[in-house]
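See below for the structure under consideration.
Residue numbering restarts at 1 for every chain, and letters A, B, ... go by the order of the sequence lines.
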Number of protein chains: 2
Amino acid sequence: MKVTLKEIARRAGVTANTVSRALNNRGGISEATQKRILQIAREMNYIPDRIASSLRSKKSNLVGVMVPDISNPYYADIIRGIEDGAFENGFQILLSISQEDQTREWNIIDQFRSLRVEGVLLMPSYESRELIQTIADLSIPCVLINRRYMGYEIPFVMPDNVNGIRQAVSHLVGKGHERIGFLNGHPGSMTSQIRYNAFTESIRESGLELAQCPSVMCAGSYASACEKTKELIQNHSSLTAIMCFSDLLAFGAYKAIRENDLSIPDDIAVVGFDDIELSTIVSPPLTTVQIPRYNMGRAAMKQLLKSMNKESSLSSGEYMETKLIVRNST
Amino acid sequence: MKVTLKEIARRAGVTANTVSRALNNRGGISEATQKRILQIAREMNYIPDRIASSLRSKKSNLVGVMVPDISNPYYADIIRGIEDGAFENGFQILLSISQEDQTREWNIIDQFRSLRVEGVLLMPSYESRELIQTIADLSIPCVLINRRYMGYEIPFVMPDNVNGIRQAVSHLVGKGHERIGFLNGHPGSMTSQIRYNAFTESIRESGLELAQCPSVMCAGSYASACEKTKELIQNHSSLTAIMCFSDLLAFGAYKAIRENDLSIPDDIAVVGFDDIELSTIVSPPLTTVQIPRYNMGRAAMKQLLKSMNKESSLSSGEYMETKLIVRNST
DNA sequence: TTGTATGCGTTATCAG
DNA sequence: CTGATAACGCATACAA
């Protein structure tokens, strides 16, 4: 049978109310009785019923986390950061996978609301403005990760893409490269645009000729990266380096370069973005821009807690510093 | 303000009860009123309060899923299967990451109980017998994934490791290999034992001499695999093939083989286990034993639903069929 | 077909 | 310091 406050109260010869105060350490109780009650609760293997507790107190201690794809180690690390942050603050996360599917996203938000989450951490898909608008209208505390939406006063945490690209380009330029290609990601993604702009800007800053630094977009998959890289190097045989939107795409580039009987880094140097574990495993190990994923998760949770406590009514954004990791592909 | 049944009832000129029946399509109501109520509910943007509903109905529609590590794409696919299965049956999953940490595991179980999950899907760490015992004692419907515990009547879903290894060994033998090494995983893991036994058994079945087929264990990481493979090929220079516990370890073996200036597959063939995405990306693409991860997740969910409906009081186990994927490493 | 009364397990607000 | 009482939002049983 289920152990309830009432049961414990009966055994302890007090009322449920007193037991509740003892267990929640809410004071207004003598140390002796509290100790006795705690003892009895332990003996009876009591587990508080958070369903009931939430209903009455209107505090669920739940935070909703919506992530597009769990297979991607990129998100996995962020989630770990979020979880640790939540745990330390007595919150539990409700993790839901949207698979970049808008219908699913709406479902997930409804479920979050239905379970009375106290806040949400979102990594929304490309076009989720309406969703974000709804969240805002409902005034559910919210922090965006990886993306920001201009025109909305919603806090966000994302990598400093611009500086990351700049670090990579500077490195290549420092190595003497003057003809650098850019293998970009999915056309619809905001991040693609940001990184592309950062790339052209960095090229300009370095005094290189943009005309010598062509770029292509690919669908975002390994296979598409390989295909597009082939086009890139066949159309621009003078390229000596390729900057990639992500590590995964860099691996596609690896394949393309190899299949053209060129070598890395001697014929073409390659730089990735993300620093996933795999980057140390491939050969040659990939030079890449590291994103502090775990810390991004923690930072997001921290911001959310602030929002929830209404500490800052002003929306605040945070750009996380990237770091260039030099390995043997450059 | 929060929209409740009562609010809707007031607007519709009925009682909360009637609204409840309308929304839950529970019958005993005229089509006209139901329609009207649904309409009003939609207009008011009503979201059912599952906290309250659970408390009263004693049905949370929640299933707890405990997974050791979310970074591992192996688990990610299983989780997708679970989620899809849950979704189709009106359940939501509560996903928690144990990080193979026992304390955390206990915490997670307590949280599951606290939120009144109706069942749990567990991928427990090496030594969690006590935990499993507790679950059993509480008679919480439960299905284990990847592991089974002898002596407990708990349903499980796991890959057919024995046949998987057999498929791989047969393949190698068919290619003419007679000296096959086995790079095993973490010593404490049950799966390591199973696969090791399956390996020696397969070698015997194939008529090969076990003495020519040495095996080593490694800590389970990429680096440890590399190190142990070096030892293996240095101590047994006649080896022409290595069967690996997992794809990740196979990549460690790749590195070791390369650093010994040997080539894959000409000098040494390599077979992995799991078929993670990466296997197609490395070069040469890895021959490996595919585990139907997504379907394992679905199967586990299916079993759990059965347990929850008490359809089968008998514990049932399920071994999922593996499939050899031949690529260029053999 | 609909309404009324009751309780799920807990916490909040009083009063004692 | 402790107890009595009500309320959270919903679903169940029964009455009308």
Side-chain angles (χ1 to χ4, degrees), chain A residues 1-38 40-41 44-62 90 92 110-118, chain B residues 1-38 40-41 44-62 90 92 110-118:
Chain A
M1 223 28 272
K2 193 169 165 48
V3 181
T4 66
L5 286 190
K6 228 191 246 175
E7 285 290 305
I8 301 175
R10 211 166 45 76
R11 288 232 206 166
V14 294
T15 59
N17 187 354
T18 308
V19 177
S20 171
R21 283 200 300 250
L23 292 173
N24 295 333
N25 210 22
R26 212 179 313 119
I29 190 173
S30 80
E31 227 177 288
T33 32
Q34 172 155 26
K35 232 175 165 175
R36 190 160 48 88
I37 290 171
L38 287 176
I40 296 177
M44 298 180 75
N45 196 7
Y46 171 75
I47 298 276
D49 185 327
R50 272 175 53 193
I51 297 279
S53 167
S54 299
L55 179 59
R56 178 64 239 230
S57 69
K58 296 184 177 301
K59 291 213 151 296
S60 66
N61 278 321
L62 249 30
Q92 185 176 359
D110 280 353
Q111 296 200 333
F112 284 168
R113 290 179 62 192
S114 196
L115 283 170
R116 292 199 194 180
V117 297
E118 298 182 37
Chain B
M1 222 30 267
K2 194 171 166 46
V3 182
T4 67
L5 288 190
K6 226 192 249 174
E7 285 293 305
I8 300 175
R10 210 167 45 75
R11 287 233 206 165
V14 294
T15 60
N17 183 2
T18 308
V19 177
S20 171
R21 283 199 302 251
L23 292 174
N24 295 334
N25 210 22
R26 210 180 314 116
I29 191 173
S30 80
E31 227 176 287
T33 33
Q34 172 154 25
K35 232 174 165 176
R36 190 160 48 88
I37 290 172
L38 288 176
I40 295 178
M44 299 180 75
N45 196 6
Y46 172 74
I47 297 276
D49 187 327
R50 272 175 54 193
I51 297 277
S53 166
S54 299
L55 180 59
R56 174 66 236 236
S57 68
K58 295 181 177 302
K59 292 211 151 296
S60 66
N61 279 323
L62 248 31
Q92 184 176 1
D110 280 352
Q111 296 200 332
F112 284 169
R113 291 179 61 193
S114 196
L115 283 171
R116 292 203 194 175
V117 298
E118 297 182 39

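Every residue two or more places apart in sequence or in another chain that forms a side chain to side chain contact (heavy atoms under 4.5 Å, CB included) with B:Ile47 is listed here: A:Asp110, A:Arg113, A:Ser114. Judged as a side chain to side chain donor-acceptor pair (under 3.5 Å), and not counting sequence neighbours, the contacts of A:Thr18 are A:Thr15. Remark: A:Lys59 engages A:Glu118 in a salt bridge (Lys or Arg N to Asp or Glu O under 4.0 Å) (not counting sequence neighbours). For B:Asn24, the side chain to side chain contact (heavy atoms under 4.5 Å, CB included) partners two or more places apart in sequence, or in a different chain, are B:Ser20, B:Arg26. The side chain to side chain donor-acceptor pair (under 3.5 Å) test applied to A:Thr33 returns A:Ser30, not counting sequence neighbours.
Side-chain atoms of A:Ile51 and B:Arg50, non-hydrogen and from C-beta on, never get closer than 4.5 Å to each other. In this structure the side chain of A:Gln111 never reaches within 4.5 angstrom of the side chain of A:Val117, judged on heavy atoms.
Residues A:Ala22 and A:Leu38 share a closest heavy-atom pair of O-CD2, 4.1 Å. Taking all atoms of both residues into account, the shortest heavy-atom contact from A:Tyr46 to A:Leu23 is CE2-CD1, 3.5 Å. The heavy-atom pair separating B:Ala16 from B:Ala9 by the smallest distance is N-CB, 3.5 Å.
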Would you check, one step at a time, whether the test side-chain contact (heavy atoms from CB on, under 4.5 Å) holds for A:Leu55 with A:Arg116? CA-CA 9 Å; A:Leu55 179 59; A:Arg116 292 199 194 180; 3.6 Å; yes
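Residue B:Thr15 is in base contact, counting any heavy-atom pair closer than 4.0 Å across all strands shown.
Under a 3.5 Å cut-off, the side chain of B:Gln92 and the backbone N or O of B:Leu62 do not form any donor-acceptor pair.
Residue pairs meeting the salt bridge (Lys or Arg N to Asp or Glu O under 4.0 Å) criterion with at least one member in residues 2-16 of chain B, sequence neighbours excluded: B:Lys2-B:Asp49, B:Glu7-B:Arg10. A salt bridge (Lys or Arg N to Asp or Glu O under 4.0 Å) check over residues 12-21 of chain A, counting only residues at least two apart or in different chains, returns nothing.
The residue among B:Arg116 and B:Gly13 whose nearest nucleotide of DNA chain C lies closer to the 5′ end is B:Gly13.
Across its full length, the helix from C:dT1-D:dA16 to C:dG16-D:dC1 shows an angle of 40° between the axes of its 5 terminal pairs at either end, rounded to 10 degrees.
For DNA chain D, the contact window with chain A, defined by any atom under 4.0 Å from a protein heavy atom, covers D:dC1 to D:dG9 in 5' to 3' order. Reading DNA chain C from its 5' end, the first and the last nucleotide to sit under 4.0 Å from a heavy atom of chain B are C:dT1 to C:dG9.
Proximity of residues 26-38 of chain B to DNA chain D (heavy atom under 4.0 angstrom from any strand atom) is restricted to B:Arg26. Near DNA chain D, meaning a heavy atom under 4.0 Å from it, residues 44-62 of chain A has A:Leu55, A:Arg56, A:Lys58 in order of number.
One distance of note links CG of A:Leu115 with OG of B:Ser54; it measures 7.0 Å at 0.5 Å rounding.
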